[in-house]
2 protein chains.
Amino acid sequence: MNVTIKDVAQRAHVAPSTVSRVIADNPRISKETKERVFKAMEEPGYYPNAIARSLASKMTYTIGLIMPRSAEDAFSNPFFPEVMRGISVVAHNEKYDLLISTSGNEEEEKQAVINMVKGRKVDGIVLLCSRTTDELIPWLREEKFPFTVIGKPLDSKGVCWVDNDNIGASRLATNYLIKHGHKEIAFISGSLEFVVSLDRLDGYKLALEENNIPFVKELVAQDEFSEDGGYNAMMRILKQKKPTAVVVTDDIMSFGVIRAAIDYGLRVPQDVSLIGFNNIPLSAYANPPLTTIDISTFELGVKSAELLLKILKNKDYMADHIIVPVKLIERKSCIKR
Amino acid sequence: MNVTIKDVAQRAHVAPSTVSRVIADNPRISKETKERVFKAMEEPGYYPNAIARSLASKMTYTIGLIMPRSAEDAFSNPFFPEVMRGISVVAHNEKYDLLISTSGNEEEEKQAVINMVKGRKVDGIVLLCSRTTDELIPWLREEKFPFTVIGKPLDSKGVCWVDNDNIGASRLATNYLIKHGHKEIAFISGSLEFVVSLDRLDGYKLALEENNIPFVKELVAQDEFSEDGGYNAMMRILKQKKPTAVVVTDDIMSFGVIRAAIDYGLRVPQDVSLIGFNNIPLSAYANPPLTTIDISTFELGVKSAELLLKILKNKDYMADHIIVPVKLIERKSCIKR
DNA sequence: CACCTTAGTGAAACCGATTGCAACCAATTA
DNA sequence: TAATTGGTTGCAATCGGTTTCACTAAGGTG
C-alpha cells in the first residue's frame, strides 16, 4: 500500500488535517510544524493522491478535449494536432492536464462529454468545431459547466468561443482570385453542417457580389474534410463547369483537388488556380506550393485554453469571444489570367 | 449539488450498496430490484461520479501519455500525432480515456510521470521514445507500475516495448543506396541519446561493412529532430565531404537536408540521393517526392496500447515486446549512379 | 482582573462511490 | 422441528484526502 496522509501525520505527530494544510501552504500553520511535516513526507516518499484530492476539493486540474469524428480522421488532419498543441502549451503552463476522448460519431461524442462532465473528470472542456446541429452546446450551457468552443457556434448566446473571421477570410481569398482576373471561381468546402463551412460560403458569395459576379451553384461543392473529399468534390464540379480558379476551405482537401485537376488533364496553376485554408506544413512543400489562408491554428488552441482557464478562475466570467486574425500566404498555386 | 448514489438509493428504497451493485450488474441482485433502481436513476438523471468510483475501486480507466520534449515540438512532428492516433483508437475501443501531459525537458517529464503515477491518475502509461539516459523506465519498473514503451529501451529487462527493427531498417535503407551504386553515403540522425538513433547508426555501419565500404566519421552527423536540425547537420557534413547519398532518420529532417543541399548548389536527386524515415504524409508531396522507410507509426501506437491493456487485464503479464515491420517506399529522391 | 483577540492545531464530518461481512427469508434437508 | 442452504440485501468500513468548527494558550486591552 502507498504512503497516505495519515502515515505522514503519524510520523510528524500531527493530525491529518495539519498535513493537508501544510500541503496547501496554509499561512495558519507555524514554520516549525511545516518543516516537521515536510521532513515526515520526505523519507517515505509521500505524494498526495490526486483522485482523493479531487473528490474532496471538487477540482481536477484537468481540462477535457473532445476530438470530433473518429480519432482516425481527427489526427490525420494536421489542424487538430496543431490546435491541440496550442491548448497543451497553455495547459502545461498552468499545471493542468489534458484528458482526451475520441468519438466515432455524434452520438459517441455526446456520450464522451457526458462522461467527462457528469463523471466530474474535468474542470472544463474545450470543444473543437461546432456543428449547426450541435446539441452539446445547449446541454453544457444548461449544466452550467465551464467550456469554450473553437469555431463560432450558430447560437452563440452565453457561450465563450474563439474563431477566425471566417466570412472575412473567405472573402479575402475569393477577392484575391478575382483580383487575379478570375471570374469562374469554384468553392469547395466541408459539409455545410459545420458552421465554418457555412460562414466561408457566405464570404465567398459576398466577394462575388461585390464584384458583380453571378453566383453559380454548379461551381459549389461540399464533401468530407479529406484528400478524397477534395478529389470527389472537384470531380463533381468539373463534370459540369470549367472553373479557372477554386477556393478550397481545407489544405488537405486541396491536395485532392489538385489530383482531380490533373486526372482531368488540367495543370495547376496554369489551367486552374487554387487557394487553400489552414496553411498546414505540407502546403509549403506541395507541388505547386499552395497559396493559402493561414488561420493561426496554434493561436486558436492557445486562446481557447486561455479563455477556459479564465472562466475556471472566475466562475461568473461573462460570455466572451476572441477573433484570431488570418493571413494570406502567397505561394505558387495562383496565377493571373 | 449533483445526484448521488444515495439519492438514487432513497428513491428506490434500497441501500447505496445495492445501487452500486446494480451499476456493476452484479448477478446477486434480483431482476425486480434492478429495474426499480434503474427507474430511480432515470428521472433525476443520475450518473456515477468517476472520481469517487476511482478512489474506491482504484481503477481510473484512463491511460497516461507523456509527450516528450516540449509540446511545441512534439506535435509539430507528425510522428507523434500519428502514434497518438493509434493509441487513441485502441483506448477508445476499450473505453479508456487518454490523459496527456506535456513536458518541456527531462526533469519535467519525470515530474509529469510521478504526478500521474503517484497521483494515481492513470492505470498505466505509454512512454514515447526512450533515451539512453532514461531514469523513467527503471523508476516505473521499481514502482511496479504498468507501462509500455515505444522504442526499445537500452536496458529492456522486464519491460514491455514496441518498436521497429531499427538496425534492420537502417541497414535496408543503406543497402538500397549501395545497390544504386552509392559509396559516399552520409548518415544524419537525431541525438545519439535516443536509442533509436544509436540503433539506426548501427544498421548503417552494418550495411557499409557488408559491402566493404569504409566508415567515415565525417559523413555522420546528429542534430535536433526538426527541419533546421536536418539543415544544420547536412551543412556540417557538406563542409567536409561530398556524399552522393544520405540516409536521414526522420522525414522532417530530410526537408532540411534538401534545403541545405540546394543552398549548397546541389540538386536532389541528381547530385545527391536521399532516403528518409517515417513516411509522413508530407513526404509524398515533397519535391522531389521522398523515398523513405515507412515504420508503420500508427501501428506502433496501436500495439503499444494493446500491450498495455493486456498488462492491465493480467497484472503479472510477463515482459514482452512486439516488432512492427517496416517497408521501403520508393519515390523519386534516389537515383542510380 | 475579566474579556477579547489571535495564532495554531485537532476532531470529525464529508466528498461519492465500492466491498467484505452479517443478516434475513424461504425452501430444503436431516 | 431444528438446522442448513441459497438467494438477496443492508450495514458499516474504507478509499485518501479537504474543510468546518471548536478548542487551547498566549498576548493585548480597558
Side-chain angles (χ1 to χ4, degrees), chain A residues 1-41 44-62 114-123, chain B residues 1-41 44-62 114-123:
Chain A
M1 196 62 344
N2 249 287
V3 189
T4 77
I5 204 171
K6 281 176 195 155
D7 302 327
V8 174
Q10 282 201 333
R11 277 178 157 266
H13 301 295
V14 294
S17 48
T18 302
V19 178
S20 174
R21 289 189 183 100
V22 171
I23 294 170
D25 198 25
N26 188 317
R28 303 169 54 95
I29 302 292
S30 69
K31 294 244 178 298
E32 301 78 53
T33 311
K34 275 185 187 171
E35 273 173 32
R36 191 147 40 87
V37 172
F38 276 128
K39 264 186 200 127
M41 290 179 4
Y46 170 73
Y47 202 94
N49 179 319
I51 298 289
R53 187 194 281 233
S54 291
L55 181 59
S57 68
K58 297 177 181 310
M59 289 284 297
T60 62
Y61 290 101
T62 100
I114 292 184
N115 187 31
M116 280 189 180
V117 172
K118 300 290 243 177
R120 300 274 139 191
K121 294 187 188 177
V122 298
D123 294 340
Chain B
M1 195 63 343
N2 248 287
V3 189
T4 76
I5 204 172
K6 282 177 197 155
D7 302 327
V8 175
Q10 283 202 333
R11 277 177 157 265
H13 302 295
V14 296
S17 47
T18 302
V19 178
S20 173
R21 291 191 180 102
V22 170
I23 294 169
D25 199 23
N26 187 316
R28 302 165 54 92
I29 302 293
S30 68
K31 291 242 177 302
E32 301 78 53
T33 312
K34 275 186 185 169
E35 272 173 32
R36 191 146 42 87
V37 171
F38 277 129
K39 267 193 194 119
M41 292 179 5
Y46 169 74
Y47 203 92
N49 179 320
I51 298 289
R53 185 192 282 229
S54 292
L55 181 59
S57 68
K58 297 176 180 310
M59 289 283 297
T60 62
Y61 291 100
T62 100
I114 293 184
N115 187 30
M116 280 188 182
V117 172
K118 299 289 244 177
R120 300 275 140 190
K121 292 186 188 176
V122 299
D123 295 341

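Keep in mind it's a predicted model, so treat the numbers as computed, not measured. Note on naming: letters A, B, ... go to the chains in the order of the sequence lines (proteins, then strands), and numbering restarts at 1 for each one.
- Along DNA chain D, the nucleotide nearest to B:Ser57 and the one nearest to A:Pro16 differ in position, and the one closer to the 5' end is contacted by B:Ser57.
- Remark: A:Leu55 in residues 44-55 of chain A come within less than 4.0 Å of DNA chain C through at least one heavy atom.
- Contact record, B:Asn2 with A:Lys118: OD1-NZ, 3.9 Å, taken as the closest heavy-atom pair.
- Scored by the side chain to side chain donor-acceptor pair (under 3.5 Å) test, B:Asp7 finds no partners at all (sequence neighbours excluded).
- Helix bend of the helix from C:dC1-D:dG30 to C:dA30-D:dT1: the angle between its two end axes, each built from five pairs, comes to 60° after rounding to 10°.
- To the nearest 0.5 Å, atom OG1 of residue B:Thr62 and atom CE of residue B:Met116 are 7.5 Å apart.
- Nearest-nucleotide positions on DNA chain C place A:Ala15 closer to the 5' end than the other of A:Ala56 and A:Ala15.
- Note that the CZ atom of B:Arg36 and the CD atom of B:Glu32 stand 9.0 Å from one another [nearest 0.5 Å].
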Identify each donor-acceptor pair in which a side-chain atom of residues 13-27 of chain B lies under 3.5 Å from a protein atom, sequence neighbours left out, and give them as a table.
from	atom 1	to	atom 2	distance (Å)
B:Asp25	OD1	B:Lys34	NZ	3.0
B:Asn26	OD1	B:Arg28	N	2.8

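- When rounded to the nearest whole Å, the span between CE of B:Met41 and C1' of C:dA17 equals 14 Å.
- In the region residues 17-39 of chain B, proximity to DNA chain D at under 4.0 angstrom, judged on heavy atoms, holds for B:Ser17, B:Thr18, B:Arg21, B:Arg28, B:Ile29, B:Ser30, B:Thr33.
- Atom P of nucleotide D:dC15 and atom NZ of A:Lys6 are separated by 6 Å, given to the nearest angstrom.
- Among all heavy-atom pairs drawn from B:Val8 and B:Met41, the shortest one is CG1-CG, 3.5 Å.
- For the pair A:Lys121 NZ and C:dA17 P, the computed distance is 13 Å after rounding to whole Å.
- Here the P atom of nucleotide C:dC14 and the CZ atom of A:Arg120 are 20 Å apart, to the nearest Å.
- If you take CE of B:Met59 and P of C:dT18, they are 13 Å apart, rounded to a whole angstrom.
- Atom-to-atom, CD1 of A:Ile5 to P of C:dA11 comes out at 14 Å; the value is rounded to the nearest Å.
- Residues passing the ring pair (Phe, Tyr, Trp, His ring centres under 6.0 Å) test with B:Tyr46, sequence neighbours excluded: none.
- For A:Arg11, the salt bridge (charged side-chain N to carboxylate O under 4.0 Å, His left out) criterion is met by A:Glu43, not counting sequence neighbours.
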Side-chain donor-acceptor pairs of residues 47-56 of chain A under 3.5 Å, sequence neighbours excluded:
from	atom 1	to	atom 2	distance (Å)
A:Tyr47	OH	B:Asn115	OD1	3.4
A:Asn49	OD1	A:Ile51	N	2.8
A:Asn49	OD1	A:Ala52	N	3.0
A:Ser54	OG	A:Ala50	O	3.0
A:Ser54	OG	A:Met59	O	3.1

